[in-house]
Amino acid sequence: MASYYYLISSLPMLKTDGSTPMTFEDFLEQCKANVNAATYQSLCNILVSGNHPLLKEWSEFYGSLIEELSYQRNLKMGKACVAPNDRDSETVNSIAAALAAKNPLVSEQMLLDLEFKKIDAMMGLHSFDEYYLYGYAIKLKLLERQTVFKTEDGKAEFSSLFNGVKEQILKM
């Protein structure tokens, strides 16, 4: 465990409003020499393995986040649906605010802020152990996902879809 002090203190800080300071592969490379084989394998498969308590807690939260997001989207579209069980007021309010945002990129940023806040709460005071490594890995994966959202690409896709709809209307 003593090697975690150096490893964790050498990792760059992750922020929701910043770019990804390293790739997930770079993170794994740094971990390879500093963690045991089981922890390394678990980190490599962070999205599918859930043996660690933090990973189980994250999986439960993320599942409820997706349920609440689906529920509120269905309500917004006027579809009848059943409210999820065990609704957390912070999650409910954060999702409602994100869905009310006019800009989809702002909505994604708001959801990322919520996810980071939840991971930080799950990590608690664990600063130099596996809890921190797993939390860091999840955050890094979330940030990598965020990098695929490009404003220019989104505008181009929207224009393409909109022009396609206009052409179909004109053909009628």
Side-chain angles (χ1 to χ4, degrees), residues 1-73 84 88 90-92 94-95 97-99 101 103-158:
M1 173 100 71
S3 62
Y4 288 1
Y5 290 105
Y6 174 75
L7 170 63
I8 291 172
S9 63
S10 68
L11 295 173
M13 183 179 230
L14 301 178
K15 297 189 248 178
T16 60
D17 60 352
S19 62
T20 308
M22 67 185 340
T23 65
F24 192 73
E25 288 73 29
D26 292 338
F27 168 71
L28 290 176
E29 191 61 36
Q30 285 189 0
C31 290
K32 195 172 196 174
N34 295 296
V35 300
N36 64 43
T39 301
Y40 180 74
Q41 264 321 105
S42 189
L43 286 168
C44 287
N45 300 312
I46 194 82
L47 299 179
V48 292
S49 68
N51 292 334
H52 192 272
L54 184 126
L55 297 178
K56 290 178 182 176
E57 190 176 354
W58 169 254
S59 180
E60 289 173 16
F61 164 74
Y62 196 74
S64 66
L65 175 76
I66 298 303
E67 280 184 48
E68 184 62 35
L69 192 55
S70 176
Y71 171 71
Q72 288 194 32
R73 283 180 176 157
D88 171 36
E90 181 181 17
T91 303
V92 169
S94 296
I95 290 174
L99 291 177
N103 183 335
L105 197 54
V106 171
S107 294
E108 286 293 331
Q109 183 66 44
M110 293 169 81
L111 292 174
L112 184 65
D113 289 339
L114 172 66
E115 291 165 332
F116 264 52
K117 186 176 181 180
K118 288 293 185 178
I119 293 169
D120 287 339
M122 290 173 195
M123 289 168 38
L125 297 176
H126 294 272
S127 300
F128 295 102
D129 60 9
E130 289 177 352
Y131 269 84
Y132 187 90
L133 287 177
Y134 288 121
Y136 191 91
I138 293 168
K139 284 180 174 182
L140 193 54
K141 281 291 193 182
L142 290 170
L143 281 176
E144 280 187 341
R145 180 184 171 275
Q146 196 79 355
T147 61
V148 300
F149 300 130
K150 307 242 186 294
T151 304
E152 298 80 26
D153 293 347
K155 286 181 181 179
E157 181 66 22
F158 177 78

For the residue pair E68 and D88, establish whether any side-chain heavy-atom pair is separated by less than 4.5 Å.
no

Side chains of L28 and C44 in contact at under 4.5 Å (non-hydrogen atoms)
yes

I need the minimum non-hydrogen distance between L143 and F116, along with the two atoms involved.
CG-CZ, 3.7 Å

State, with a plain yes or no, whether a side-chain heavy atom of L65 is found less than 4.5 Å away from one of L114.
yes

Using every non-hydrogen atom in the two residues, find where P21 and M13 come nearest and quote the distance to one decimal.
CG-O, 4.0 Å

Q109 side chain near D113 side chain, heavy-atom distance below 4.5 Å
yes

Exercise: identify the closest heavy-atom pair between Y71 and P84
CG-CD, 3.6 Å

Looking at P53 and Y131, what are the two nearest heavy atoms and their distance?
CB-OH, 3.4 Å

Lys/Arg N to Asp/Glu carboxylate O, E115 vs K141, below 4.0 Å:
no

Just wondering, do I119 and F61 contact through their side chains at under 4.5 Å, heavy atoms?
no

Straight-line distance of Q41 CD to N51 CG, nearest 0.5 Å
12.0 Å

Taking the ring centre of each residue, are Y4 and F128 less than 6.0 Å apart?
no

Using a 4.5 Å cut-off on heavy atoms from C-beta on, say whether the side chain of F27 contacts that of L43.
yes

Can you find a pair of side-chain heavy atoms, one from L7 and one from Y132, that are under 4.5 Å apart?
no

Working to the nearest 0.5 Å, report the span between CD1 of I138 and CD1 of I46.
5.0 Å

Can you label the angle between the H52 ring and the Y134 ring as parallel, tilted or perpendicular, going by 30° and 60°?
tilted

Side chains of S107 and L99: closer than 4.5 Å at any heavy-atom pair?
no

Smallest heavy-atom separation, C31 atom then L133 atom, equals SG-CD2, 4.4 Å

To the nearest 0.5 Å, atom CG of L69 lies from atom OG of S64 at 11.0 Å

Minimum heavy-atom separation for E144 to M22, with atom names?
OE2-O, 4.5 Å

